[in-house]
There are 2 protein chains.
Amino acid sequence: MDSRTLCLGTLILGDASGYEIRKMFEEGPFAHFQDAGYGSIYPALRKLLDEGLVAIIAPAPEATEGERGHPDKKIYAITDAGRAAFREALAITPGRDKIRSDACFLMFFADWLEPAHLARVFDDYLAHFKDRAAFVKSLDPEGVPPGRLFTRGLGVAFYEAIAAYMEANRDMLMQTRPAAPVEPARPADAAE
Amino acid sequence: MDSRTLCLGTLILGDASGYEIRKMFEEGPFAHFQDAGYGSIYPALRKLLDEGLVAIIAPAPEATEGERGHPDKKIYAITDAGRAAFREALAITPGRDKIRSDACFLMFFADWLEPAHLARVFDDYLAHFKDRAAFVKSLDPEGVPPGRLFTRGLGVAFYEAIAAYMEANRDMLMQTRPAAPVEPARPADAAE
DNA sequence: GAAATGATATATCGACTTGATATATTATAA
DNA sequence: TTATAATATATCAAGTCGATATATCATTTC
């Protein structure tokens with residue numbers, strides 16, 4: 001999903017600054033299936049502004065003079081044209097999910113890791129999934145439309161399934177003994 | 001994980017051409033948690049070659065003269081220096097998983113989609129997870145070291161949990177009625 | 001047997017993303 | 001009062017993605 005559509009999606013949920021949009025991808029309801037950094041968000045907002053799909057409604061329209069919030073803070077709102085563009089952007093056939101897990105890559109090569117390192121990687125990863133599951137479950141589901149409730153539940157199911165599998169199979173992974181030498185046993189061995 | 005380490009990882013499993021490395025990320029044992037395209041692989045291989053971490057052992061060393069495979073096919077192999085570099089690269093604390101799911105984004109905004117489109121997106125997504133689970137389960141687990149068995153099982157647990165959740169909650173999502181108008185009911189309504 | 005199609009194979013390009021960094025204000029804690 | 005952390009915008013180098021160009025080899029269709 002392109003950054004412009006992601007930004008429009010966050011603004012559907014409420015007016016926000018670029019900084020607040022970033023936070024939505026870190027801790028908000030998209031956090032477990034989408035991401036965007038400042039380097040994507042700020043250029044996207046500028047283009048959306050040029051195209052009239054968003055408007056700046058800040059700083060604090062009522063407080064025209066005197067004290068405002070952050071000097072340069074800009075609060076963006078989606079326009080009618082933006083809502084129409086957003087609806088069009090959702091009428092696509094989505095591509096496949098993209099997943100990149102360095103922790104899985106390390107565990108795949110468990111026999112190349114020092115046992116203590118492997119245990120650390122495993123325990124951090126498991127703790128992370130337990131945290132995430134607890135966090136998503138802590139969010140209030142009151143008055144949330146079906147789509148949001150569904151993806152929220154999908155996130156919980158995903159986090160809990162991973163955590164359960166890991167707890168059930170910890171011993172299997174931890175029995176790994178280094179197949180390749182952790183230190184080169186004899187300095188001068190066969191070369192490539 | 002940087003592309004160079006990913007390429008080294010594939011070459012640990014066996015000598016390969018750039019094209020074959022790409023296929024490993026599409027259909028191989030990494031497919032469900034890592035990815036890399038030609039635009040990453042070929043520059044990475046060139047750097048690895050410059051640094052002596054891989055070597056070209058092709059085309060077909062025995063068939064020095066006469067018929068060979070593809071004229072320009074280069075088969076890469078990891079070197080001892082490459083194995084040492086790979087081990088070092090694995091001694092990191094991995095960052096968090098990155099997931100991007102456009103399908104989840106669409107389902108999150110279910111009330112912005114036409115019901116038929118929503119159903120299509122949902123059914124494609126579910127079929128995909130069922131396929132993936134069946135595929136990973138079809139792989140032969142004989143003689144596979146614990147790390148690879150563990151990540152393989154993690155993939156199955158993940159795919160099956162998603163598929164089960166989706167089947168159990170299809171009705172909940174499909175009861176969604178467009179909250180925002182699918183077509184602007186009255187042309188001239190309130191503007192932004 | 002010719003033509004078309006698809007798989008194999010290397011490589012690059014523009015547009016975009018990532019992660020880090022620079023800058024500055026405001027709020028909180030020591 | 002000073003230091004630290006959070007808020008806030010913005011940019012940059014390095015790297016990635018998806019598409020494309022080019023060409024060979026294998027298989028199927030007419």
Side-chain angles (χ1 to χ4, degrees), chain A residues 1-7 10 15-28 30 34-50 54 56-60 63 66-76 89 92-102, chain B residues 1-7 10 15-28 30 34-50 54 56-60 63 66-76 89 92-102:
Chain A
M1 197 64 68
D2 61 296
S3 302
R4 290 200 279 302
T5 305
L6 291 179
C7 287
T10 62
D15 303 339
S17 65
Y19 182 78
E20 286 161 347
I21 291 173
R22 176 75 242 272
K23 277 208 305 186
M24 294 265 292
F25 289 111
E26 263 185 338
E27 311 163 14
F30 303 137
Q34 290 290 339
D35 197 16
Y38 295 128
S40 303
I41 291 168
Y42 285 114
L45 285 173
R46 196 181 311 138
K47 276 186 191 171
L48 290 169
L49 201 56
D50 289 348
V54 303
I56 294 177
I57 57 158
E67 53 173 21
R68 303 175 285 162
H70 274 263
D72 300 297
K73 182 169 179 178
K74 296 168 191 168
I75 296 176
Y76 294 86
I92 54 155
T93 297
R96 286 187 180 176
D97 294 1
K98 276 149 234 154
I99 301 176
R100 298 204 65 161
S101 172
D102 288 358
Chain B
M1 196 66 65
D2 61 296
S3 301
R4 290 200 279 302
T5 305
L6 292 179
C7 287
T10 63
D15 303 339
S17 65
Y19 183 78
E20 287 162 347
I21 291 173
R22 176 74 242 271
K23 277 208 304 184
M24 294 265 292
F25 289 112
E26 261 184 340
E27 310 163 15
F30 302 138
Q34 290 290 339
D35 196 17
Y38 296 127
S40 305
I41 291 169
Y42 285 114
L45 285 173
R46 196 182 311 139
K47 275 187 193 170
L48 290 169
L49 200 58
D50 290 347
V54 304
I56 292 177
I57 56 158
E67 50 170 27
R68 302 176 284 161
H70 275 263
D72 300 296
K73 182 168 178 178
K74 297 167 191 168
I75 296 175
Y76 294 86
I92 53 154
T93 297
R96 287 188 179 175
D97 294 1
K98 276 150 233 153
I99 302 177
R100 299 203 65 159
S101 172
D102 288 358

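Order of the sequence lines sets the chain letters (A, B, ...), proteins ahead of strands, with each chain counted from 1.
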Quick one: label B/Arg100 by what it contacts on the DNA or RNA (base, sugar-phosphate, nothing), any heavy atom closer than 4.0 Å. sugar-phosphate

Rounded to the nearest 0.5 Å, what separates atom CZ in A/Arg46 from atom CD1 in A/Ile41? 13.5 Å

Contacts of type salt bridge (Lys or Arg N to Asp or Glu O under 4.0 Å), residue A/Asp2, not counting sequence neighbours: none

What are the two closest heavy atoms between B/Ala36 and B/Leu6, and how far apart are they? CB-CD1, 4.5 Å

B/Lys23 side chain near C/dA7 phosphate (N/O to OP1/OP2, under 4.0 Å): no

Among residues at least two apart in sequence or on other chains, which ones pass side-chain contact (heavy atoms from CB on, under 4.5 Å) with A/Ala44? A/Ser3, A/Arg4, A/Cys7

Taking only nitrogen or oxygen atoms into account, show me every contact under 3.5 Å that the protein makes with nucleotides 9-12 of chain D, one pair per line with its distance.
| residue | atom | partner | partner atom | Å |
| --- | --- | --- | --- | --- |
| D/dT9 | OP1 | A/Lys74 | N | 3.1 |
| D/dT9 | OP1 | A/Lys74 | O | 3.2 |
| D/dT9 | OP2 | A/Gly18 | N | 3.2 |
| D/dT9 | OP2 | A/Tyr19 | N | 2.7 |
| D/dT9 | OP2 | A/Tyr42 | OH | 2.9 |
| D/dT9 | O5' | A/Tyr42 | OH | 3.2 |
| D/dA10 | OP1 | A/Lys74 | NZ | 2.6 |
| D/dT11 | OP2 | A/Arg46 | NH2 | 2.7 |

For B/Asp35 and D/dG18, what is the distance between atoms CG and C1' respectively, to the nearest whole Å? 11 Å

Would you say A/Ser3 reaches C/dC16's phosphate, i.e. side-chain N/O to OP1/OP2 under 4.0 Å? no

In whole Å, I'd like the distance from the CD1 atom of A/Ile99 to the C1' atom of D/dT16. 18 Å

Would B/Glu27 and B/Arg22 pass as an ion pair if we require N to O under 4.0 Å? no

Let me test you: for the helix from C/dG1-D/dC30 to C/dA30-D/dT1, what is the angle between the axes at its two ends (five pairs each), rounded to 10 degrees? 30°

B/Arg96 has an atom CZ; how far is it from atom P of C/dT18, in whole Å? 16 Å

Calculate the interatomic distance between B/Arg4 atom CZ and D/dG15 atom C1'; express it in whole Å. 10 Å

Rounded to the nearest angstrom, tell me the gap between atom CD1 in A/Ile21 and atom P in C/dT17. 14 Å

Whole-Å gap separating P (D/dT16) and CG (A/Asp102): 12 Å

Atom-to-atom span, CD1 of B/Ile41 to P of D/dG15 - whole angstrom: 16 Å

Working to the nearest 0.5 angstrom, can you tell me the gap between A/Ile56 CD1 and A/Leu49 CG? 4.5 Å

Between CG of A/Asp97 and P of D/dC17 the distance, given in whole Å, is 15 Å

Strictly below 4.0 Å: does B/Lys98 bring a side-chain N or O up to OP1 or OP2 of D/dT16? no

Report the residues that fulfil side-chain contact (heavy atoms from CB on, under 4.5 Å) with B/Thr10, sequence neighbours left out, ordered by chain and then residue number. B/Ile21, B/Met24, B/Phe25, B/Phe30

Salt bridge (Lys or Arg N to Asp or Glu O under 4.0 Å) partners of residues 92-102 of chain B, not counting sequence neighbours, each pair once: none

A/Pro43 versus A/Tyr38, closest heavy-atom pair with distance: CD-O, 3.7 Å

